[in-house]
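Below is one structure, written out as structure tokens; the observations come after it.
Every heavy atom of this structure was used, including side-chain atoms; hydrogens, water molecules and symmetry mates were not.
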Amino acid sequence: MAKIHTHYDNLKVSRHAPQEVIRAAYKALSQKYHPDKNQGDERAARIMAIVNTAYNILSDPVRRKEHDDWIAAEEWEVEWLESTHGDEGRDKPRGDAHWEPRQVEAPARWQVLRDPRWWGAMLLFFAGGAGLTFLLSDPPRALPAALAWAGKPPAAAAASASSASSAAAVAAVAASGAVPAPAADAPADSGSDGWARPAGQSDVPADVKALAVTQLVVPARAPDCDTDLQSQVSPNGEPWPSQSGYIDGYPLGNQGEEMQVLVDNSNNPSPVLVKLYDLDRRSNVRHAYVLGRTKFLIDKLAAGKYEVRYQNILVGAARAECTGVRRPALA
């Protein structure tokens, strides 16, 4: 498997090294490449800057865990691609004779702000929110009468019984130009959100919570020997699970309570391998296996922008038909 260059490589330590080993490695490298001992040496200055960055991240437990999650996601991606290419593209063993630190590409959190499409989407979002606020603020005027709802139930049967006297009162008021005072026993208008307040507590705001739910429906399709995954084992080296669920050995990132993603594989006879990709962090945060004719819910997700990637897996008779067929490399 191709090796991912990490901050551990820049400090020449293992990924499970304790803080004492990391601190000692940083001290040894800083003494060797410190600018005071290598005045005018641009290479030493560049190496020292990379070593400082690596130590700042690995010495912080929170940032080190984020770096470990990024490494796991990147290696899973490489291993998955190599499994579809066979033995092609495998990296050669590397030694430590020509050690050279390199910059490690961290997930870009704010690079999306440079994309004009992001600003266009935000403008549409705010425009839609303003329009929705206008419609909800005064629905009887903004919407047709058939669609408007003022937030109050229809008149009761008792009101219809006294309709004649009420009509007479209204006619008298219209003739005199006076404004009648509301009846003492008339119910107070609680507004369009009155239905959401607890009984007897008109001043308590409604406790309303929202949960974003996204659904991926996998279409029914025939087995494709050129693009479907034919591996007999899952990316972690173990046999494919007997039931739908997360793949062991990979982190469950972006924990939260704001979003859910439903993978509907009911129309597809083949199982699928699913990756949930965080577009902001540019890394995979969930890895799942969904059997054919079933559904699987990816829950407890933090709010964010995600892309769902999936690949069919050939099993049974469908895989036997593709045995011996050379599949072209995927782009």
query = Are Leu273 and Ile247 close enough that some pair of their side-chain heavy atoms sits under 4.5 Å apart?
reply = yes
key: 4.5 Å side-chain heavy-atom contact, Phe296 and Ile298   = yes
query = Is Leu252 close to Tyr246 at the side-chain level, that is, under 4.5 Å between some pair of heavy atoms?
reply = yes
ask   = Is there side-chain contact between Asn254 and Asp278, with heavy atoms separated by less than 4.5 Å?
value = yes
query = Is any side-chain heavy atom of Lys295 less than 4.5 Å from a side-chain heavy atom of Ser266?
reply = yes
task = Determine, stepwise, if the pair Lys65 / Asp69 fulfils salt bridge (Lys or Arg N to Asp or Glu O under 4.0 Å).
result = CA-CA 6 Å; Lys65 184 179 183 304; Asp69 294 342; 3.3 Å; yes
key: Test item: Ser270 side-chain N/O and Leu314 main-chain N/O as donor-acceptor pair under 3.5 Å   = no
query = Between His7 (side chain) and Leu58 (backbone), is there a donor-acceptor pair under 3.5 Å?
reply = no
Note: Glu66-Arg64 ion pair, threshold 4.0 Å (strictly below) = no
Polar side-chain atom of Arg309 near backbone of Val274 as donor-acceptor pair, under 3.5 Å = no
message = Any heavy-atom pair between the side chains of Thr6 and Glu74 that's under 4.5 Å?
response = no
Flag side-chain contact, heavy atom, 4.5 Å: Gln260 against Thr214 = no
inquiry  = Using the side chain to side chain donor-acceptor pair (under 3.5 Å) criterion, which residues pair with Arg63? Sequence neighbours excluded.
reply    = none
query = Any side-chain heavy atom of Ser234 within less than 4.5 Å of one from Tyr289?
reply = no
ask   = Salt bridge or not for Arg15 and Glu75, using N-O below 4.0 Å?
value = yes
query = Are side-chain N/O atoms of Tyr26 and Asn52 paired as donor and acceptor at under 3.5 Å?
reply = yes
note = Residue pairs passing the ring pair (Phe, Tyr, Trp, His ring centres under 6.0 Å) test with at least one member in residues 215-236, sequence neighbours excluded, are none
ask   = Among Asn312, Val272, Leu216, whose side chain to side chain contact (heavy atoms under 4.5 Å, CB included) with Asn265 holds?
value = Val272
key: Side-chain donor-acceptor contact under 3.5 Å, Tyr306 with Asp280   = no
ask   = Transitively linked via ILVMFWY side-chain contacts under 4.5 Å: Leu262 with Val217?
value = no
task = Please check if atom CD in Gln243 has more than 12 non-hydrogen atoms from other residues, nucleotides or ligands closer than 6.0 Å.
result = no
message = Between Arg293 and Asn268, does the side chain to side chain donor-acceptor pair (under 3.5 Å) criterion hold? Intermediate values first, please.
response = CA-CA 6 Å; Arg293 309 296 186 189; Asn268 186 24; over 6 Å; no
